[in-house]
Amino acid sequence: RITTLNKQQRKLFDDLMERTVVQESTLPYCCYIGGEAGTGKSFLGQTIIYAIRQVSVKSGQDLDKPSVVAIAPTAKAAYIIKGKTIESAMRINMERYNTFSKSGHERTSQMAFEFEDVAAIVCDEVSMVGTNKLAAINFRMQEIAEGQNKREFMGGKSCIAIGDFRQLPPVMDGYIFEKSRLDGQPSIAPCHWNENFNIFNLTQKMRCTDDIAFAELCDRVGKGREHITHDDEEFFQSRVRTNKIESEDVHDNYTSGQLSIITATNLRREEINLDKLRELLPNEKEYVCFSQDKTTNRKTHIPLPGTVS
């Protein structure tokens, strides 16, 4: 993986790895790796996670204890980086977004033991991480830290955040670069993001390298409607099909990525996928499963809305 990094990625990778490997003689670092879609942010993040796991292993170290904590705000994003959700890794409950609950002594001691050899925390898809959740992560890391590190950001651990703020925003929380109001902090409280993170933006495209015009078109869509040109609209209109085309019947076009069908609704998507599956496996039995959602531990029954099947 390392040999496939471009110059921008490799320079940042080498710098972060050097800081991580010799962290005993350097101060902890916090950085944000950003960039437009297709610049290889996630690939670089996965490479960093893999490399830290390899170089941080020491003689006599308990291999069950992590050397890097890979976290993400959703289960799908966590699965991609072979990590955990923020709530699972940090043992925090963000159902009430304006409070932070300290762990008991037993859980704190257990977590401090598990995180003892952690060299860095890597968080992917950081655009979905709100300012209060970042504060909760910081509080948890300070809680399990020892000595002077209890006063340091992230308990004295290095932190790498990766993502694109033009993508999905936080749910029921402010943006990560806004001031936190966790536990009713005053307006003069510090902004963790602005005070601790250095920003690095990747600009070299690694996706669609053979079609730069299309990659640039996708970037303009990401920036907003005001950046879309008349030529862009004509291009999208040219891709609209009301009738079936011949290439839709060639299943290899889908597996190779040469053809994709974009629909306006999930219902239409499911209809198309089911039709394709039946064409691909015409002799296979088809099973239909019906599920009914139920709630437990409730004295009263609340019926499901009619829109839920």
Side-chain angles (χ1 to χ4, degrees), residues 1-58 61 63-86 88-90 114-115 117-129 134 137 141 154 157-168 176 193 196-210 212 215 218-219 222 257:
R1 298 179 66 100
I2 299 176
T3 57
T4 61
L5 299 176
N6 61 37
K7 290 184 178 179
Q8 279 187 333
Q9 294 171 323
R10 186 59 187 267
K11 183 178 180 180
L12 187 54
F13 172 83
D14 290 343
D15 180 65
L16 294 180
M17 290 307 302
E18 182 178 355
R19 291 171 181 265
T20 303
V21 173
V22 296
Q23 61 178 331
E24 292 84 359
S25 58
T26 60
L27 294 175
Y29 62 87
C30 293
C31 72
Y32 161 65
I33 302 175
E36 296 177 341
T39 53
K41 302 182 298 295
S42 294
F43 182 81
L44 175 58
Q46 293 173 28
T47 305
I48 292 173
I49 293 171
Y50 174 80
I52 293 177
R53 285 172 175 162
Q54 297 300 314
V55 303
S56 296
V57 177
K58 301 176 182 178
Q61 178 179 330
L63 297 181
D64 292 331
K65 295 166 65 176
S67 56
V68 56
V69 177
I71 56 176
T74 66
K76 186 174 182 180
Y79 175 80
I80 293 175
I81 61 174
K82 295 181 174 60
K84 294 183 179 181
T85 62
I86 295 173
S88 175
M90 297 295 166
E114 293 176 3
F115 280 43
D117 298 326
V118 168
I121 301 169
V122 180
C123 181
D124 198 11
E125 302 297 348
V126 74
S127 68
M128 291 186 282
V129 180
L134 176 66
I137 297 171
M141 295 304 299
M154 290 295 173
K157 300 291 186 182
S158 297
C159 183
I160 303 172
I162 304 168
D164 182 359
F165 286 115
R166 293 178 303 179
Q167 296 182 6
L168 295 174
I176 199 170
W193 181 263
N196 296 285
F197 283 85
N198 293 312
I199 298 176
F200 300 90
N201 279 311
L202 301 176
T203 57
Q204 183 176 342
K205 290 288 184 180
M206 297 299 292
R207 190 188 304 161
C208 297
T209 53
D210 56 343
I212 299 299
C218 293
D219 291 338

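This is a predicted model, so every value here is computed, not measured. For reference, positions follow the sequence shown, starting with 1.
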**Student:** Just wondering, do Asp124 and Ser42 contact through their side chains at under 4.5 Å, heavy atoms?
**Tutor:** yes
**Student:** Do Gln46 and Ile80 have side-chain heavy atoms sitting under 4.5 Å apart?
**Tutor:** yes
**Student:** In Å, rounded to the nearest 0.5 Å, how long is the span from CG of Leu202 to NZ of Lys41?
**Tutor:** 7.5 Å
**Student:** Any idea which heavy atoms bring Leu134 and Val129 closest together, and the distance?
**Tutor:** N-CG1, 4.2 Å
**Student:** Any non-hydrogen side-chain atom of Val68 less than 4.5 Å from a side-chain atom of Tyr50?
**Tutor:** no
**Student:** When you measure from the side chain of Lys157 to the backbone N and O of Met141, does any donor-acceptor pair fall under 3.5 Å?
**Tutor:** no
**Student:** Considering residues, nucleotides and ligands other than Tyr79, do more than 12 of their heavy atoms fall under 6.0 Å from its OH?
**Tutor:** no
**Student:** When you check the gap from the basic side-chain N to the acidic O, do Lys11 and Asp15 get nearer than 4.0 Å?
**Tutor:** no
**Student:** Is Arg10 close to Ile2 at the side-chain level, that is, under 4.5 Å between some pair of heavy atoms?
**Tutor:** yes
**Student:** Which heavy atom in Ala78 sits nearest to a heavy atom in Ala72, and how many Å separate them?
**Tutor:** N-CB, 3.5 Å
**Student:** Could you check whether any side-chain heavy atom of Tyr29 comes within less than 4.5 Å of a side-chain heavy atom of Asn198, counting everything from C-beta outward?
**Tutor:** no
**Student:** To the nearest 0.5 Å, tell me how far Leu44 CG sits from Ile162 CD1.
**Tutor:** 6.5 Å
**Student:** Which heavy atom in Ile86 sits nearest to a heavy atom in Cys123, and how many Å separate them?
**Tutor:** CD1-SG, 4.4 Å
**Student:** Do Met90 and Lys84 have side chains that approach each other closer than 4.5 Å (heavy atoms only, starting at C-beta)?
**Tutor:** no
**Student:** Under a 3.5 Å distance rule, please check whether Gln204 uses its side chain to pair with a backbone N or O of Asn6 as donor and acceptor.
**Tutor:** no
**Student:** How far apart are the closest heavy atoms of Thr20 and Ala119, and which atoms are they?
**Tutor:** CG2-CB, 3.6 Å
**Student:** Nearest heavy-atom pair of Cys31 and Phe200: which atoms, and what distance?
**Tutor:** CB-CE1, 3.7 Å
**Student:** Which value, rounded to the nearest 0.5 Å, describes the distance between Phe197 atom CZ and Cys30 atom SG?
**Tutor:** 4.5 Å
**Student:** Side-chain contact test, heavy atoms from C-beta onward, threshold under 4.5 Å: evaluate it for Asp14 versus Glu18 and give yes or no.
**Tutor:** no
**Student:** Can you give me the closest heavy-atom contact between Ile176 and Trp193, atom names plus distance?
**Tutor:** O-CB, 3.3 Å
**Student:** Side chains of Ile48 and Ile160: closer than 4.5 Å at any heavy-atom pair?
**Tutor:** yes
